[in-house]
Amino acid sequence: MEFLIISGLSGAGKSKAASFMEDIGFYIVDNMPAVMMLKFAEFCTKGINSRYDRIALVYDVRTTNSPTELFDVMEKLKEMGVASRMLFMNATPETVIKRYKETRRRHPLSNESVSLEEAVLRERELMEPLLQRADHVIDTSHISTAQLRGEVLRLFDAHGEKGKMAVSVTSFGFKYGLPMEADLVLDVRFMPNPYYVESLRSKTGADPEVRDYVFSFPQTCEYVEKLKDLIHFSLPHYVEEGKTVLVIAIGCTGGHHRSVAVARELAGYIRTLGYSVSENHRDMTRG
């Protein structure tokens with residue numbers, strides 16, 4: 001069983017991090033006091049439900065009397081044979097103050113007699129022992145939400161980042177319009193058209209004869225090699241920016257021959273890179 005404690009400063013991104021943890025299979029419990037963690041861990045170790053194999057507990061200043069209490073719990077978890085780690089979400093005081101002002105939320109330690117700045121500084125003091133004890137620290141002062149997601153996946157996704165972005169490669173015919181969901185649109189109408197070869201006209205790019213014809217021309221082979229270089233470079237950056245689905249649309253005139261052959265070639269290449277890939281040939285049987 002994997003047991004992760006998410007702690008850190010209010011406004012530093014604990015909730016966001018928890019939501020990304022949930023996306024990769026963690027069972028999330030928010031604001032659980034340290035004294036309840038052992039009971040919950042005992043329940044989870046009974047193996048009644050596989051949904052409790054990966055646990056992430058959000059622990060913040062609202063639930064702590066003393067960091068020592070949490071440290072005691074973590075030692076007892078170790079004695080139970082439960083490996084636990086701590087992720088600390090950090091940010092500069094200026095960043096936290098700005099976020100609270102923008103959202104107009106109230107800091108958990110602020111009240112009529114304590115200003116927002118005083119509350120932020122007081123919380124940093126209270127949480128300092130947790131920061132020093134943390135196994136992982138993410139400072140969100142200067143990163144985007146997408147970059148935060150990428151860092152969470154890098155640290156805690158056992159299946160790797162590639163498995164968390166699905167790539168869809170679709171062929172289409174320009175005469176029927178662009179696919180509305182396309183992120184990247186590629187035009188292969190410059191390639192020689194099998195439509196004008198009578199023996200190939202009734203076939204599609206999924207047939208070996210058409211594929212061989214399309215790839216018998218040097219401009220096709222050179223274009224596809226350059227396209228593979230572009231895709232190899234681009235996909236990791238899409239993952240880093242937090243994209244979960246990327247749709248690559250490849251079009252020819254009618255969507256029967258050239259676009260289908262190139263889409264199948266590209267989809268096969270992307271699979272070799274370790275990404276989850278689906279193929280769709282929107283207009284292959286149309287017209």
Side-chain angles (χ1 to χ4, degrees), residues 1-91 96 99 105 108 123-124 126-141 143-165 239-240 242 244:
M1 183 178 73
E2 191 171 357
F3 208 87
L4 178 70
I5 296 169
I6 305 173
S7 188
L9 304 178
S10 303
K14 294 190 299 295
S15 296
K16 280 289 184 184
S19 68
F20 297 141
M21 295 289 187
E22 190 169 29
D23 290 343
I24 58 176
F26 279 84
Y27 182 84
I28 307 298
V29 182
D30 199 5
N31 298 330
M32 177 174 283
V35 292
M36 295 179 60
M37 290 183 182
L38 287 177
K39 290 292 184 184
F40 187 68
E42 289 173 1
F43 169 77
C44 295
T45 54
K46 292 179 181 178
I48 298 173
N49 194 322
S50 61
R51 73 184 297 197
Y52 302 122
D53 288 343
R54 308 182 81 194
I55 308 295
L57 305 180
V58 182
Y59 178 86
D60 64 23
V61 72
R62 290 170 291 176
T63 58
T64 181
N65 294 319
S66 166
T68 304
E69 183 180 45
L70 178 60
F71 299 154
D72 290 342
V73 168
M74 295 180 71
E75 288 300 319
K76 290 177 182 177
L77 287 172
K78 188 183 298 184
E79 292 171 6
M80 292 169 56
V82 177
S84 63
R85 291 186 288 171
M86 186 191 303
L87 167 65
F88 192 94
M89 303 300 297
N90 202 10
V96 173
R99 289 172 182 172
R105 290 173 51 221
E123 183 185 31
R124 292 185 70 85
L126 287 172
M127 303 299 277
E128 180 65 23
L130 295 179
L131 173 60
Q132 297 302 321
R133 181 74 176 263
D135 300 284
H136 308 281
V137 178
I138 299 179
D139 191 319
T140 63
S141 302
I143 65 174
S144 66
T145 300
Q147 290 170 326
L148 171 58
R149 178 184 180 276
E151 185 65 8
V152 169
L153 291 180
R154 185 185 70 81
L155 291 171
F156 303 106
D157 183 10
H159 302 291
E161 296 182 26
K162 293 179 181 178
K164 293 303 165 186
M165 183 177 75
V239 172
E240 183 180 341
T244 56

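All residue numbers refer to positions in the sequence shown, counting from 1.
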For the residue pair [X] and [Y], establish whether any side-chain heavy-atom pair is separated by less than 4.5 Å.
X: Asn90; Y: Arg124; result: yes
X: Phe20; Y: Phe156; result: no
X: Ile5; Y: Leu130; result: no
X: Leu4; Y: Met86; result: no
X: Met32; Y: Val58; result: no
X: Pro129; Y: Phe71; result: yes
X: Ser7; Y: Met127; result: yes
X: Phe26; Y: Ile55; result: no

Open item on the list: On the six-membered ring of Tyr27, is Arg54 placed so that its NZ or CZ lies under 6.0 angstrom from the centre and within 45° of the ring axis?
Closed with: no
Which distance, rounded to the nearest 0.5 Å, do you find between the [atom1] of [X] and the [atom2] of [Y]?
X: Lys76; Y: Glu42; atom1: NZ; atom2: CD; value: 10.5 Å
X: Leu87; Y: Met21; atom1: CG; atom2: CE; value: 5.0 Å
X: Leu70; Y: Met37; atom1: CG; atom2: CE; value: 5.5 Å
X: Met36; Y: Leu57; atom1: CE; atom2: CG; value: 10.0 Å
X: Arg149; Y: Ser144; atom1: CZ; atom2: OG; value: 11.5 Å
X: Asp30; Y: Ser15; atom1: CG; atom2: OG; value: 5.5 Å

Tell me the closest heavy-atom pair linking [X] and [Y], and the distance in Å.
X: Asp135; Y: Arg85; result: OD2-CA, 3.2 Å
X: Ala34; Y: Glu69; result: CB-CG, 3.8 Å
X: Ala134; Y: Phe88; result: CB-CB, 3.6 Å
X: Val82; Y: Phe3; result: CG1-CB, 3.7 Å
X: Asn31; Y: Asp60; result: OD1-OD2, 3.2 Å
X: Ala91; Y: Ser141; result: CA-OG, 3.3 Å

TODO: For salt bridge (charged side-chain N to carboxylate O under 4.0 Å, His left out), just list the numbers for Arg133 and Glu75, CA-CA rounded to whole Å, side-chain angles, deciding distance to a tenth of an Å, and then say yes or no.
DONE: CA-CA 12 Å; Arg133 181 74 176 263; Glu75 288 300 319; 3.2 Å; yes
Task: side chain to side chain contact (heavy atoms under 4.5 Å, CB included) between Val152 and Asp23, worked out - done: CA-CA 10 Å; Val152 169; Asp23 290 343; over 6 Å; no
TODO: Decide side chain to side chain contact (heavy atoms under 4.5 Å, CB included) for Lys14 and Leu9; before the verdict, give the C-alpha distance in whole Å, the side-chain angles of both, and the deciding distance to 0.1 Å.
DONE: CA-CA 8 Å; Lys14 294 190 299 295; Leu9 304 178; 5.8 Å; no
- [ ] Could you verify whether a donor N or O on one side chain and an acceptor N or O on the other, from Arg99 and Thr140, lie under 3.5 Å apart?
- [x] yes
- [ ] Would you check, one step at a time, whether the test side chain to side chain contact (heavy atoms under 4.5 Å, CB included) holds for Glu123 with Ser10?
- [x] CA-CA 8 Å; Glu123 183 185 31; Ser10 303; 2.7 Å; yes
